[in-house]
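Below: the structure, in structure tokens.
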Amino acid sequence: MTHTIATQSTAELGGRASVLVRQKRDHVELDRLLHAIDGATGARRQDLLNEVARLVFPHAFAEESVLWPVIRRTLPDGEAVTLRIEQEHQQINELWTELEKTDPDDTRHRDLWRRIETLLREDVRDEEDVLLPKLQAALDRNRLTALGVAWEAVRRIAPTRPHPVVARRPPGNVAAAAPLTVLDRGRDRLDRWSRHTGGAKSQGLRAVSTGLARLAGAIEHIPPLTRGEHPSTATTRSEADPRDDGVPKS
Ligand SMILES: [Fe+2]
Ligand SMILES: [Fe+2]
């Protein structure tokens, strides 16, 4: 018998370093940001959307590269439960890539965001109510801690943007980690600088960021980075074209 981790205490989940506690902490922060976005407009809303991206993409990348492989090896139904979540992650990556290319003032931007928000909430429920309780039942406290440390280490250095073309599984996503992390985090820095400067300098920084987005889009298509993908999570984007990737409109 397994119970949702949502209502369990830190001690019940294996202590502060447990992967279950670390997961729940991010999910709670995500819930806070989603509520904040509901009432936000303009630049404030865009800042909050960026915060969600910086939270959820490294979180999910580390799940896919560190946690789900362990779950597939440990649980009899690990393949089915992780595949469902990989499919949710894939849809979020695809929709967010569309969101970045859509004018924030367009009604389509709000529609895309509603779909992403729904998927994010479903993903949290599937993890907290189904997958993580099964992991809790299968692993002792020491293994939950070891997994928490490994997941956190990858989460801190993982890509921070959507990458719908790279594999949702090793070895492709592991091969993608280093180049995409450098490009994504470089873009995060450039975008921050551009918001704090003005005029031609800001435009120049944004142009460099756009160039890095195109480079990341091209790198995503290199065959080792798509290796290991389950067919059901291969990108369905009609525009799976390296020249048309991740160039934001906001
Ligand atoms: Fe999660
Ligand atoms: Fe997730």
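Counting convention: from 1, in listed order, for ligands and their atoms alike.
- Side-chain contact between R121 and V124 is absent, with no heavy atoms from C-beta onward closer than 4.5 Å.
- Residues T233 and R168 have side chains that never bring a donor and an acceptor to within less than 3.5 angstrom of each other.
- With sequence neighbours excluded, the residues satisfying salt bridge (Lys or Arg N to Asp or Glu O under 4.0 Å) with D77 are K134.
- No donor-acceptor contact under 3.5 angstrom links the side chains of S65 and N173, judged on distance only.
- A donor-acceptor distance shorter than 3.5 angstrom exists from the side chain of R22 to the backbone of A17, with no hydrogens or angles considered.
- Here the N, O or S atom of H27 that is nearest to the Fe ion (ligand 1) is NE2.
- For the Fe ion (ligand 2), protein N/O/S neighbours under 2.8 Å (waters excluded) are E63 OE1, H89 NE2, D123 OD2, E127 OE2.
- Screening R73, R169, R84 against E79 for a salt bridge (Lys or Arg N to Asp or Glu O under 4.0 Å) leaves a single residue, R169.
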